[in-house]
Amino acid sequence: MATELPKAYDAKAAQEKWLTFWEERGYFHSNPDPAKKPFTIVIPPPNVTGALHMGHALNNTLQDVLIRWRRMQGFNALWIPGTDHAGIATQSVVERLVFAQEKKTRRDLGREELVNRIWEWKDKYEARIITQLREMGASCDWRRTRFTLDPVCARAVRETFFRMFKDGYIYRGKRLVNWDTQLQTSVADDETDTVDTKGGFWTFKYEVDGEPDTFISFSTTRPETMLGDTAVCVHPSDERYKHLIGKTVTQPHTGRKIPIIADGILADPKLGTGCVKVTPAHDPNDYACWQRHPKIGIINILNPDGTINEAGGEYKGLDRAKARDAVTEKMKELGLYIDRADRDIPLKISDRSKTPIEPLLSDQWFVKMADRDDGKPGLAQMTMDAATDGRVKFFPERYARSYLDWLGEKRDWCISRQLWWGHRIAVWSQSFTERLVFNFQRKALAILVPAGADAAYQFQEDTLTIHIALRADDKFKADLENNGYRQSDDVLDTWFSSALWPHSTLGWPGPALPEARADRTAPDWDKDRSYYPTSVLVTNRDIITLWVARMVLTGLFNLNRIPFSHVYIHPKVMDGFGEGMSKSKGNGVDPLDIIDRYGTDAMRYGMAKLATETQDSRLPVSNVCPHCGKEVPVKQEHMYMRTKKLACPECKKEFRPGGPWPTDDPERPTAKQGSDRFEEGRNFANKMWNATRFLLMNLDGYTPGAIKLEELPTEDKWLLSRLATTTQAVTVALEGYHFSDVARLLYDFVWSEFCDWYIEMSKGRLKDAAARPLAQRVLAGVLDGILRLVQPVMPFVAESLWHALNETASERGLPSPTKAEESVVIAKWPTYPDAWISAEVESRFARMQDLVKSVREVRNRYQVDDKTRLDVSVKCAETVAADFNALATFIGPLAGIANLTAGPSATKPKQAGGIVRPEFEAYVSLAGLIDVTAEIARLQKQIADKRKSLEGTKAKLSNEKFVAGAPPEVVQQQRDLVADIEKQIAAMEENMKDLQST
RNA sequence: GGGCGUGUAACUCAGCGGUUAGAGUGCCUCCCUUACAAGGAGGAAGUCGGGGGUUCGAGUCCCUCCACGCCCACCA
């Protein structure tokens, strides 16, 4: 006797149970295995800044679907999890926290202490992220969990930096950074906000040297930068100024003679006066101009605190705002001031200090992307080639373009960051004030650094600095430090370590050095390299340039092999108003809210469903009232924490809208969020649960056995045809990363075909002792296939049902039964014979469905009693082919079914609705119950519609161009259609006559 | 400014040159029928953003306009 399942699927219980089960069995752990082809994915490591959001839920669900599917297909599937230290983001989160709690800045704490605090934070959030991933069902190999700052990754970073440094790909250069004058640090672009601010637009003039009364005028929004002007620039083809090019002007505040130059990129004749002052050290465009015209020079006028430095002469020490006034005043005195206009100017503000950013020139480390003339490959070109020659393929293809366009600029990559949280740059430097000393030290290096040491040097001529990079912390590091060399304070850009992720996680460069061995779970590159290159990278489009391109770059640089052959870019989850989700907007949704309310399987199904080819997808959410459970749709004003309380329209009690609230409020609980987009998945899981429940209740006396297709009843043949078709389609969809199709195909087959039709039809057979064994085998066999197909997307419900089924029917399957695996996770991905797919059977079945639907329609329209309903049903059933005798119990007990035949019909199931002949007769015989007038009107309209479509089709066929131009099968299709419509019209007209005669 | 993408039912989305444009949710009617009310049966609901064009044939391809989203650049 089968165990009876509870009435509804309990997602929570299943999740707990199977997570433990899977892990105990070690299904997700992978070891190199020469007998199996590897299928590898590395997770895009989530930042340890906080909790996972819906974007992660989407990203990880899709990866898990692929991994679980490939595992079933027999691949050696490995999914490597991990997290990213996310330099700036994490450091600033912790700095803010420390300041909020202790009123201490990072300077108060010091480097070591701050870094310790961040490690504590990291441990906490990493654990939380891993827990969340596990709860989403991610089948990662947890024993291989990596962190971009752990010893294994650190070693890869150090090695890569060293190699690039040694080969001259890494160099020291100048760069304008966003300088925060209050925090006295540089900040990344994404740590700044640009706001329109009221400002001025000043116009001044400089007098041309040697030509009294000849002036050249220009405009600026930042007059104080005149102190750092090193040129005045016009467009080379601008007739107004052509004659002045090559002459000089005297910068009045500093007395410097500066040239008038021509630069077609910087100067735009149509803007302002057509002439522009050039301040290379304090403006990105001017800086670029200087790079094109290095002889004009570059002068930094700012101290790190935002005051003017000695280059500003008499203005030295003034704050930049005061300097602005003073400089302007001076121009007025000299009669060189023209005017000032009010103007809204975009002002960059530091996110953290909320003070204006100053562009400031500083020394930074760069990776050179351009082509080289020494025979070594140019990194950008090399990386581009991998995509153009198809070694790396993008899905959808169009994203290759962002990758190529961006790399095509071959802009150098600034890799140093003035932060404390990250991989500290392993370069020891010393600057000298005298060239002689510099040259001497340079020669003496051979003595300082012993032969055979893994060290590389660079000599920076402009600052008389020697840079020494070390491959590891060798013994002589102390000697260096004793001789005045200091390790750089800077750390590497986070993307530098993420760029190595596909090979650093596998233990490259191996074998492990002592510091890496300290990590007991360290991978072994010698063996694990067989997982490289990985199979597919699953990520979103925002980081194609920042991350994807750089992984390809370092993969090629370090290993001369691409890191992955496919890049699948999935859509973004937007809020209900079409905007991207972000912390600052406060419109994010917590996946745990969704899991809690709908179950993990439902969340995963929902994620798969929205992963369509082209579109970003909106996720409108509701606040679920914490008091009564009422769903209150989220409005835009609820976000950004603008609405602090909401009253439930149902129970009138107050709560806070869901969102990232900094503190709890016992008076006003925060609502969890829900979204009806996950109901489909929840219902689907429950549907499968109940289909299995039904089967288990009808499995008494089950015996396994092979089936022969030709001996099966039509509905079985139909079901197997649909199963084989669906299985093929799902496999193809997975191969092409069409996750939405996967979800839809599964849903349609299981619900609309297996449950709605087949199970209903099987009920009669299950009561019939003779027919019962076969029906049981087919049901069990098909359900077996369904669970396998569903497992990658909805593993928890699949596993629950798999085990339930194993209890009574552990031997099952089609066409021949086999012993089921102990878990659906490791079951084989199904394949079925092509020969099962039969258009003829499907068409016959469709005809039957049409008839049944018509009867139902009539029944519904006229609320007839049971006796009459039976009459209609009988009448209908009599018209159905004998091989559908299973219908007996489906539409009503059957009496005297004759060998009536209904040939194949071109009608498809979805075209039901038109009333066809046989059952029409039946209900016409119920004349007393029918509203004849209404029915006639209805028919008339239907006939008119048909006529119209008939005419259209006929017109098409009488068009010579169509007959000649369209493909023959299309023409034939149209001819069939005409015949079909004519038949339908004839039937309806007959119906009409019948009706009129009543 | 450049690039990419999107406008299809009340909402969220499929549909990728060829029958009468589909699904889920929501809505309306009936049904607690021993798998499932998280269910069953049926129904209403769309000049496929506007305008041109190509084609025998256009949600589907081209042009253009209008809205929206994302990325990159720029705003002396």
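Predicted, not measured: the structure shown is a model, and the values here were computed from it.
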(request) Find the distance Arg401(A):CZ to G2(B):P and express it as a whole number of Å. (result) 13 Å
(request) Using a 4.0 Å cut-off on protein heavy atoms (strictly under), produce a 5'-to-3' string for nucleotides 8-17 of chain B with B for base contact, S for backbone-only sugar-phosphate contact, and - for none. (result) ----SSS---
(request) Please list, chain by chain and in numerical order, all residues satisfying ring pair (Phe, Tyr, Trp, His ring centres under 6.0 Å) with Trp413(A), sequence neighbours excluded. (result) Phe496(A)
(message) Could you tell me how far apart Ile594(A) (CD1) and A38(B) (C1') are, to the nearest whole angstrom?
(response) 16 Å
(message) In terms of relative ring orientation, are Tyr747(A) and Tyr605(A) parallel, tilted or perpendicular, with 30° and 60° separating the classes?
(response) tilted
(message) Please enumerate all residues that pass salt bridge (Lys or Arg N to Asp or Glu O under 4.0 Å) together with Arg682(A), with sequence neighbours excluded.
(response) none
(request) Please check if the side chain of Asn540(A) supplies one atom and the backbone of His570(A) the other of a donor-acceptor pair under 3.5 Å. (result) no
(message) Both distances below 3.5 Å, Watson-Crick or wobble geometry, any strand: find the nucleotide opposite C27(B).
(response) G43(B)
(request) Enumerate the residues from residues 595-608 of chain A whose closest heavy atom to RNA chain B is under 4.0 Å, giving them by residue number; use none for an empty result. (result) none
(message) Any side-chain to backbone donor/acceptor pair from Ser675(A) onto Arg677(A)? Under 3.5 Å, distance only.
(response) yes
(message) Let's see if you can work this out: which of A41(B), A37(B), G3(B) has an atom nearest to the side-chain heavy atoms of Asp756(A)?
(response) A41(B)
(message) Suppose we screen for salt bridge (Lys or Arg N to Asp or Glu O under 4.0 Å). Which residues come up paired with Arg340(A), at least two apart in sequence or across chains?
(response) Asp342(A)
(request) Establish, yes or no, whether the cationic atom of Lys763(A) lies under 6.0 Å from the six-membered ring centre of Phe694(A) and within 45° of the ring axis. (result) yes
(message) What contact category does Cys233(A) fall into here, base, sugar-phosphate, or nothing, at under 4.0 angstrom with non-hydrogen atoms?
(response) nothing
(request) To the nearest Å, give me how far apart CZ (Phe749(A)) and C1' (A23(B)) are. (result) 18 Å
(message) Would you say Asn683(A) places a side-chain N or O within less than 4.0 Å of OP1 or OP2 belonging to G39(B)?
(response) yes
(message) Just N and O in the side chain of Trp751(A): are any of them under 4.0 Å from OP1 or OP2 of A35(B)?
(response) no
(request) Just name whichever nucleotide pairs with A67(B), Watson-Crick or G-U, keeping both distances under 3.5 Å, else none. (result) U6(B)
(message) Measure OH/Tyr9(A) against P/G39(B) and give the value in whole Å, please.
(response) 16 Å
(request) Give a yes/no on whether any side-chain N or O of Lys7(A) is located under 4.0 angstrom from OP1 or OP2 of C36(B). (result) yes
(message) Is G59(B) syn or anti, taking syn as a glycosidic angle within 90° of 0?
(response) syn
(message) Using Watson-Crick or G-U wobble geometry with both distances under 3.5 Å, which nucleotide pairs with C32(B)?
(response) none
(request) Answer with yes or no whether the side chains of Tyr9(A) and Asn690(A) bring together a donor and an acceptor at under 3.5 Å. (result) no
(request) May I have the distance from Asp542(A) (atom CG) to C70(B) (atom P), rounded to whole angstrom? (result) 10 Å
(message) Using the salt bridge (Lys or Arg N to Asp or Glu O under 4.0 Å) criterion, which residues pair with Asp748(A)? Sequence neighbours excluded.
(response) none
(message) Without decimals, in angstroms, what is the distance between Asp263(A) CG and A76(B) C1'?
(response) 13 Å
(request) Taking the six-membered ring for Trp and the single ring otherwise, decide whether the centroids of Tyr206(A) and Phe218(A) are under 6.0 Å apart. (result) yes
(request) Write down the distance between NZ (Lys954(A)) and C1' (U20(B)), rounded to a whole number of angstrom. (result) 16 Å
